[in-house]
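This is a predicted model, so every value here is computed, not measured.
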Amino acid sequence: RIFSRNFSDTGICKNISFRNKEARKEKTIKSNTYSFKKKIMEKINVKKAEGKLGVLVVGVGGAVASTFVVGTLAVRKGLAQPIGSVTQLSKIRLGEGADKRTPKIKDVIPLAKLDDIVFGGWDIFEDNVYEAAKHAAVLNDKDLDGVKDELVAIKPMKAAFHQDYVKRLHGTWVKQAATKWDMMLQVKEDIANFKKANNCDRVVVIWAASTEVYIPMGEVHKDLAKFEQAMKDNSPEIAPSMLYAYAAISSGVPFINGAPALTVDMPAIWELAAKHVVPICGKDFKTGQTMMKTVLSPMLRTRMLGLNGWFSTNILGNRDGEVLDDPDSFKTKEVSKLSVIDTILRGEDYPELYSNMYHKVRINYYPPRGDNKEGWDNIDIVGWMGYPMQLKVDFLCRDSILAAPLCLDLVLLTDLASRCGFSGIQTWLSFYFKSPMHDFEHEPEHDLFTQNVMLRNKLREIIGEKPLGYMD
């Protein structure tokens, strides 16, 4: 059985299996079921995606966010193709035998339509999204001008920001409040006002802002009451991203964490999400170098090839690179990037292959490169009779171009999860993250191919189709 995790009203993790019913006889096909010879798979009762979907982006003027917004607007006007978006381009295998078919995901899964999306958000700078996208210099003028009027109309709300948590940025468009609790209430009011002003039926909040300094999990993060008191006490253990998360979830709004910070990856927020029946997911968008690791590491383990060391370094010149030039912010990113290989290779199961593996990650701020990140990997592998070999990878990628379609997919799928009545950690969305969230009783899945099976089987479950035990 394939399992998906949800949280009960008490915040305790429970396993929800595919809801199968053995059928000795052919049963009448009702409107909410699909019939098979031996089993009937029940569809999940999904609320229709009616009305507008508000998408509020934290860091809406940043490179990733502005590229996401521009691309989505361009796609829905027929000016671009949604390359990189699984929800928009990928097909899914359904049925068996004579009933076998492979429609596009967007044609069979009840996702929100791109035309129904309304963008908004917060940023530490006052520029509208057209001005911000020009400054980010990811996209050319032709692409920006095709949706200029829509971009100019998207003006950021003042951000909940404190420079202690992102030391290399100096925000000029920020909220003021006596306490962090009061600032959270301002964010909560922003969400309510945006929803009302834009006549939105539903809202999703996605964090696409900079990486905050490393904050280890403390006692205030393990209990909801303590977390709420910590906001009122202006505790340094409460970062701005946590204020957005609490404001969204307590408003019944799903939250996506695209950065590696603690944010929603803590028992206090799991408890809040269970209380309000809200889905959450994260953390840290899986785009370039780490995506390659989740592809190459399974190859090494599958072939039983050893690994002595993996050295990774990056050069990046955008705002993200500048922020990560600060050691405290880099620490947060480093923890996320280092977690991948160990989980996939399972060194405790194969000590002769991976017990002495050395893994190092570096990120270097290099302004001339802009958003065009370059990642080098030197991989020292071991083959037959202990003979050494090497793999070299040089990935010249565009950071925001890889991240933007992930943002679109996550917004649509998290909204879907909310309409399904799912709450808590959405492990089936691990496919999109470097450091997939998980509770204390489970280990995360990092293998990209296994994650793909998890994602697609959850989509099959939602529409009452049988799961597959292999990748399609």
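Atom OH of Tyr387 has 12 or fewer heavy atoms from other residues, nucleotides or ligands within 6.0 Å. Within 6.0 Å of CD in Glu352 there are more than 12 heavy atoms belonging to other residues, nucleotides or ligands. Within a 6.0 Å sphere centred on CZ of Arg168, heavy atoms belonging to other residues, nucleotides or ligands number more than 12. The environment of Asn364 atom CG is dense: over 12 non-hydrogen atoms of other residues, nucleotides or ligands sit within 6.0 angstrom. In Tyr366, the OH atom is not crowded: 12 or fewer heavy atoms of neighbouring residues, nucleotides or ligands sit closer than 6.0 Å.
Relative to the ring axis of Phe422, Lys458 places its NZ or CZ within 45° and under 6.0 Å from the centre.
We find the NZ-CZ distance between Lys47 and Arg419 to be 10.0 Å, quoted to the nearest 0.5 Å. Taking OG1 of Thr72 as the reference point, atom NZ of Lys77 lies at 13.5 Å (rounded to 0.5 Å). Going from atom OG of Ser210 over to atom OH of Tyr165 covers 15.5 Å, rounded to the nearest 0.5 Å.
Between Leu272 and His276, some side-chain heavy-atom pair lies under the 4.5 Å cut-off. Put simply, the side chain of Leu114 reaches to within 4.5 Å of the side chain of Leu412, judged on heavy atoms. Side-chain contact between Asp447 and Arg301 is present, with heavy atoms from C-beta onward closer than 4.5 Å.
The two residues Asp116 and Ala49 have their closest heavy-atom pair at OD2-O, 4.4 Å. When all heavy atoms of Phe431 and Gln451 are compared, the pair lying nearest together is CA-OE1, 3.4 Å.
Between Arg346 and Asp349 there is a salt bridge, since a side-chain N of the basic residue sits under 4.0 Å from a carboxylate O of the acidic one. Look at Asp99 and Arg101 and you find a salt bridge, because one of the NZ, NE, NH1 or NH2 atoms lies within 4.0 Å of a carboxylate O, short of that distance. Comment: Glu465 does not engage Arg456 in a salt bridge, judged by the lack of any side-chain N to carboxylate O separation of less than 4.0 angstrom.
Shown here are the side-chain contact (heavy atoms from CB on, under 4.5 Å) partners of Leu353, two or more places apart in sequence or in another chain: Met304, Tyr350. Residues that satisfy the salt bridge (charged side-chain N to carboxylate O under 4.0 Å, His left out) test with Asp223, not counting sequence neighbours, are absent from this structure. Annotation: ring-ring contact (aromatic ring centres under 6.0 Å, His included) contacts of Phe255 (sequence neighbours excluded): none.
Judged by distance alone, with hydrogens and angles left aside, the side-chain atoms of Arg303 form no donor-acceptor pair with the main-chain N or O of Pro298 at under 3.5 Å.
Between Phe119 and Phe68, the angle of the ring planes goes over 60°, which puts this pair in the perpendicular group of the 30/60° scheme.
His446 and Lys286 share no donor-acceptor pair across their side chains, judged by distance under 3.5 Å alone. If you check the side chains of Tyr432 and Asp409, you find a donor sitting under 3.5 Å from an acceptor.
Legend: side-chain hydrogen bond (donor to acceptor under 3.5 Å, both in side chains) pairs involving residues 374-385, not counting sequence neighbours, sorted by first then second residue: Gln289-Asp377, Trp310-Asp377, Ser312-Asp377, Arg369-Glu374, Glu374-Trp376, Trp376-Asp394, Asn378-Asp380, Asn378-Lys392, Asp380-Gln390. For the side-chain hydrogen bond (donor to acceptor under 3.5 Å, both in side chains) condition, the pairs that include at least one residue of residues 256-266, sequence neighbours left out, are Ser241-Thr263, Asp265-Lys283.
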Evaluate Arg93 against Leu468 for side chain to side chain contact (heavy atoms under 4.5 Å, CB included), listing each step before the verdict. CA-CA 9 Å; Arg93 184 177 299 178; Leu468 298 181; 4.0 Å; yes
Kindly indicate, with the supporting measurements, whether the criterion side chain to side chain contact (heavy atoms under 4.5 Å, CB included) is fulfilled by Leu139 and Thr67. CA-CA 7 Å; Leu139 304 170; Thr67 304; 4.3 Å; yes
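Ring-centre distance between Trp207 and Phe285: not below the 6.0 Å cut-off.
Paired with Met437 under the rule side chain to side chain contact (heavy atoms under 4.5 Å, CB included), one option of Thr427, Ile280, Leu429 passes, and it is Ile280.
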Residues 50-59, side-chain donor-acceptor partners within the protein, below 3.5 Å, at least two apart:
none

